[in-house]
Novice: 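So that we are looking at the same thing, I have put the structure below in structure tokens.
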Protein chains: 2
Amino acid sequence: MKETKQPDIETGNKQDERSRRTSSRILTEARRLFAEYGFTGVSAEQIVATAGVTRGALYHHFDGKKGLFRAVLNQVQTEIEERVKNAVAQVQDPMEMLIAGNNEFLAACLDPGLQRILLTEGPAVLGWEEWRAVDEDHVQGKYRAFLAKLMDNGVLRPFPVDALAHIISGAANEAAFWAARAEDPETALAQAQSTMAEMIRALRSE
Amino acid sequence: MKETKQPDIETGNKQDERSRRTSSRILTEARRLFAEYGFTGVSAEQIVATAGVTRGALYHHFDGKKGLFRAVLNQVQTEIEERVKNAVAQVQDPMEMLIAGNNEFLAACLDPGLQRILLTEGPAVLGWEEWRAVDEDHVQGKYRAFLAKLMDNGVLRPFPVDALAHIISGAANEAAFWAARAEDPETALAQAQSTMAEMIRALRSE
DNA sequence: TTGACGTACATACAGTATGTATGTAACCTG
DNA sequence: CAGGTTACATACATACTGTATGTACGTCAA
């Protein structure tokens, strides 16, 4: 059976132990290599070679090279979800939660490897729709729901919530690209964060 | 000599005539097929076959498959540049020029094929940097300069201009993705346009 | 006009990629 | 401890890219 997802907690026997180690090593190397060379820039053979196995193992654990990429993307998304969740939990004001989450997302995407997997390769390899579906499951879905709540509560002025969610998300993605490549990424990050924060605050009900 | 650019106006002799027809047909078919299947989803052989030539012609006129894609992207960008320029020329108020240009860009990107070439495949095939460089030559460069002017004139509040330009551009790109896939793209487009317009207006000096 | 040279391709070939089918050793289970 | 299952490795068929080479046609000077 091809995974792509974690196989729900295995029993502790020897085969499963071996399985997990192998698939985990493939996943780790795939992430490293995809991050550096992109999906088409690295061959399945190179990935499994650095992981010390053959392509047989890859096709056993994942649904081909594309399935492997999917698994890598899910891992990346899960990590970002965690970071954003933690950042948001540290403030109380709803408006500031929005901004804190956005700031943390931007900071996370400063890593060029993560950025390439998530933002550059993701949509091209999986197609925009599948890519968005993955995102929806991790951060975008909750983000949109939160926006809707803020509008219901009258904190934000009324906007078409889907449109607004995509606009902000797209802004953040591109800002992250830019910041990561700037001469001084840290300064650029700060500028991106403050500029987006000001734009978001401008959406408040006056 | 590999082109990628138009070969400056050829003399009207028979060979050049043949050359132009061949490269033009390859370019046309490449655009159609890249738009529908993406860069990796179509082989060079398929492109030249529908164009009625062989891969020899492709490698003669373009710098390989990637060079062909570059040429297609440039064509797409040139068309968008033209559309946006015309739309902007129809209004006088600087603030409205900004919004009119943005609206027109969003409308242009409703076409899924154009969208795929420009926004999905572009960054993945060429890398974000080269992709941005192409964009810079066509619309992004002028856009940024215009933003800077509006800030100098005090029409817009002061922002880091690079950050702001990328934020707005990224917002537009993602809004276009969303609108094109919405159940009702026309309504979604209108929502994306009005929402972005409101956000842009919120940047004015009060 | 003609013959030499350049242009615009076509064809052939080599290298590398992917997916699949099949083999096999270790493991687990009744 | 036999029989089936799991976790891979190996072998193979197919496809795609780039390059090297061949060739017919066009062009131009003598």
Side-chain angles (χ1 to χ4, degrees), chain A residues 1-4 6-27 29-30 33-34 37-72 121 124-126, chain B residues 1-4 6-27 29-30 33-34 37-72 121 124-126:
Chain A
M1 183 64 74
K2 311 304 175 58
E3 307 183 3
T4 294
Q6 304 296 359
D8 305 308
I9 312 150
E10 305 272 356
T11 67
N13 66 24
K14 211 167 175 185
Q15 283 216 114
D16 292 343
E17 168 71 15
R18 184 191 180 198
S19 257
R20 255 170 312 181
R21 277 199 36 194
T22 302
S23 64
S24 161
R25 290 181 59 177
I26 294 176
L27 200 64
E29 295 305 324
L33 292 167
F34 284 153
Y37 304 107
F39 182 76
T40 57
V42 65
S43 70
E45 184 59 37
Q46 293 174 49
I47 295 171
V48 294
T50 67
V53 290
T54 67
R55 277 175 43 251
L58 195 163
Y59 282 88
H60 178 74
H61 285 293
F62 302 94
D63 190 7
K65 193 186 176 187
K66 196 167 164 178
L68 176 56
F69 179 83
R70 228 186 307 266
V72 169
E121 305 287 329
V125 173
L126 302 181
Chain B
M1 185 61 77
K2 312 302 176 61
E3 304 183 5
T4 293
Q6 303 298 0
D8 302 308
I9 311 149
E10 304 274 354
T11 67
N13 65 23
K14 212 167 174 183
Q15 283 212 117
D16 292 343
E17 168 71 16
R18 183 191 181 197
S19 256
R20 255 171 311 181
R21 278 199 36 196
T22 301
S23 64
S24 162
R25 291 181 59 178
I26 294 176
L27 199 65
E29 296 304 324
L33 292 168
F34 284 153
Y37 304 108
F39 182 76
T40 56
V42 65
S43 71
E45 184 59 37
Q46 292 174 49
I47 295 172
V48 295
T50 68
V53 291
T54 68
R55 276 173 47 248
L58 195 164
Y59 280 88
H60 179 71
H61 285 293
F62 302 94
D63 191 6
K65 193 186 176 188
K66 195 167 165 179
L68 176 56
F69 179 84
R70 229 187 305 264
V72 169
E121 305 287 330
V125 173
L126 302 182

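Chain naming here is simple, since letters A, B, ... match the order of the sequence lines and numbering starts at 1 in each.
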Novice: Can you tell me if A:T22 touches the phosphate of D:dC8, counting only side-chain N or O atoms and a distance under 4.0 Å to OP1 or OP2?
Specialist: yes
Novice: Nearest whole Å is fine: how far is D:dC12 P from A:Y59 OH?
Specialist: 18 Å
Novice: On DNA chain D, compare the nucleotides closest to A:A57 and B:Q46; which residue's is nearer the 5' end?
Specialist: A:A57
Novice: Expressed in angstrom and rounded to an integer, what is the separation of A:I47 atom CD1 from C:dA17 atom P?
Specialist: 11 Å
Novice: What integer distance in Å separates A:E45:CD from C:dG15:P?
Specialist: 17 Å
Novice: Quick one: is D:dC8 close enough that its OP1 or OP2 comes under 4.0 Å of any side-chain N or O from A:S19?
Specialist: yes
Novice: Is there side-chain contact between B:T22 and B:H60, with at least one heavy-atom pair below 4.5 Å?
Specialist: no
Novice: When the distance from CZ of B:F62 to P of C:dA8 is rounded to whole Å, what number comes out?
Specialist: 13 Å
Novice: With a 4.5 Å cut-off on side-chain heavy atoms, are B:V53 and B:L58 touching?
Specialist: no
Novice: Rounded to the nearest 0.5 Å, what's the gap from NZ on B:K66 to CG on B:L126? Could you check?
Specialist: 6.5 Å
Novice: Could you check how far NZ of A:K65 sits from P of D:dC16, rounded to whole Å?
Specialist: 15 Å
Novice: Would you check if B:I47 and B:R55 make a side-chain contact, meaning some heavy-atom pair closer than 4.5 Å?
Specialist: no
Novice: Collect all protein-nucleotide pairs involving nucleotides 21-23 of chain C in which both atoms are nitrogen or oxygen and the distance is under 3.5 Å.
Specialist:
none

Novice: Can you list everything that forms a side-chain contact (heavy atoms from CB on, under 4.5 Å) with A:T54? Sequence neighbours excluded, please.
Specialist: none
Novice: To the nearest Å, give me how far apart CZ (A:R25) and P (D:dA7) are.
Specialist: 17 Å
Novice: So B:E121 and B:F34, do their side chains get closer than 4.5 Å, heavy atoms only?
Specialist: no
Novice: Closer than 4.0 Å, any side-chain N/O of B:H61 to the OP1 or OP2 of C:dA8?
Specialist: no
Novice: Expressed in angstrom and rounded to an integer, what is the separation of B:R20 atom CZ from C:dT7 atom P?
Specialist: 16 Å
Novice: Looking at D:dA7, I'd like to know if its phosphate oxygens (OP1 or OP2) sit under 4.0 Å from a side-chain N or O belonging to A:H60.
Specialist: yes
Novice: Which nucleotides of nucleotides 25-30 of chain C have their base under 4.0 Å from a protein heavy atom (B), which only their sugar-phosphate (S), and which neither (-), written as one string 5' to 3'?
Specialist: --SS--
Novice: Can you give each donor-acceptor pair under 3.5 Å made by side-chain atoms of residues 37-44 of chain A, sequence neighbours left out, with the distance rounded to 0.1 Å?
Specialist:
| from | atom 1 | to | atom 2 | distance (Å) |
| --- | --- | --- | --- | --- |
| A:S43 | OG | A:Q46 | N | 3.1 |
| A:S43 | OG | A:Q46 | NE2 | 3.3 |

Novice: Can you tell me how far apart CZ (A:R20) and CG (A:L27) are? Round to the nearest 0.5 Å.
Specialist: 14.0 Å
Novice: Output all residues satisfying side chain to side chain donor-acceptor pair (under 3.5 Å) with A:E45, sequence neighbours left out; order by chain, then residue number.
Specialist: none
Novice: Using a heavy-atom cut-off of 4.0 Å across all strands, would you classify B:S43 as base, sugar-phosphate, or nothing?
Specialist: sugar-phosphate
Novice: Within this structure, what is the CD-to-C1' distance between A:E17 and D:dA7, rounded to whole angstrom?
Specialist: 14 Å
